[in-house]
Amino acid sequence: MTDDRIRPGFWFKPKRPGYGATPVTWQGWLVVTLFVLLTGLILRLAMPRHPLFLALLAPLTLALVWISWTKTDGEWRWRS
């Protein structure tokens, strides 16, 4: 499921419209799937009102944003 317009080594393409990126390769989809599964695990183990919830979820979210930002074939900017 690779988009022909994506250069090798990139897993995401810029969203249109909006801000951010969307996965276009199996590696990108794997990253997003792992994020969703780990978020679900955190929700089950550390209830949202527990301080551990944010301590686990914040680094996980930052990792997703950083990986998708560095692996996007193009710049992140608002597109309407």
Side-chain angles (χ1 to χ4, degrees):
M1 184 169 163
T2 302
D3 189 343
D4 293 322
R5 297 171 294 181
I6 301 300
R7 295 178 292 165
F10 292 100
W11 304 344
F12 298 85
K13 69 176 181 177
K15 289 179 76 173
R16 49 188 276 221
Y19 183 80
T22 188
V24 291
T25 65
W26 69 267
Q27 295 97 330
W29 284 106
L30 179 63
V31 167
V32 171
T33 301
L34 288 175
F35 173 78
V36 170
L37 291 174
L38 289 172
T39 299
L41 183 64
I42 291 170
L43 281 169
R44 269 186 83 70
L45 297 178
M47 296 304 289
R49 290 195 175 107
H50 194 280
L52 188 58
F53 174 75
L54 190 56
L56 294 173
L57 193 59
L60 183 63
T61 303
L62 290 173
L64 173 69
V65 170
W66 182 78
I67 290 170
S68 58
W69 181 67
T70 59
K71 290 294 193 173
T72 298
D73 186 13
E75 67 175 312
W76 282 28
R77 63 179 175 83
W78 180 257
R79 292 170 174 83
S80 49

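Each residue takes its place number in the sequence, starting with 1.
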> If every non-hydrogen atom of G28 is compared with every non-hydrogen atom of P23, which pair is closest and at what distance?
C-CB, 3.6 Å

> Name all residues meeting the salt bridge (Lys or Arg N to Asp or Glu O under 4.0 Å) criterion together with R16; count only those two or more places apart in sequence or in a different chain, and write none if there are none.
none

> Kindly write out the residues that satisfy side chain to side chain donor-acceptor pair (under 3.5 Å) with T72, not counting sequence neighbours, or none if the list is empty.
W76

> Measure the shortest side-chain to side-chain distance between I42 and F53 over non-hydrogen atoms and say whether it is less than 4.5 angstrom.
yes

> Kindly list each side-chain donor-acceptor pair under 3.5 angstrom involving residues 30-39, sequence neighbours excluded, with atom names and distances?
residue, atom, partner, partner atom, Å
T33, OG1, W29, O, 2.8
T39, OG1, F35, O, 2.8

> Taking side chain as C-beta onward, heavy atoms only, is L56 less than 4.5 Å from L60?
no

> Tell me, which pairs form a salt bridge (Lys or Arg N to Asp or Glu O under 4.0 Å) where one or both residues lie in residues 57-73, sequence neighbours left out?
R7-D73

> Could you state whether W78 and V65 fall into the same hydrophobic cluster, counting links through intermediate Ile, Leu, Val, Met, Phe, Trp or Tyr residues with side-chain heavy atoms under 4.5 angstrom apart?
yes

> Within a strict 4.5 Å, meaning less than it, do heavy atoms of the P14 and R79 side chains meet?
yes

> If I take atom CD from residue Q27 and atom CZ from residue F12, how far apart are they, to the nearest 0.5 angstrom?
9.5 Å

> Drop me the distance from S68's OG to K15's NZ, to the nearest 0.5 angstrom.
10.5 Å

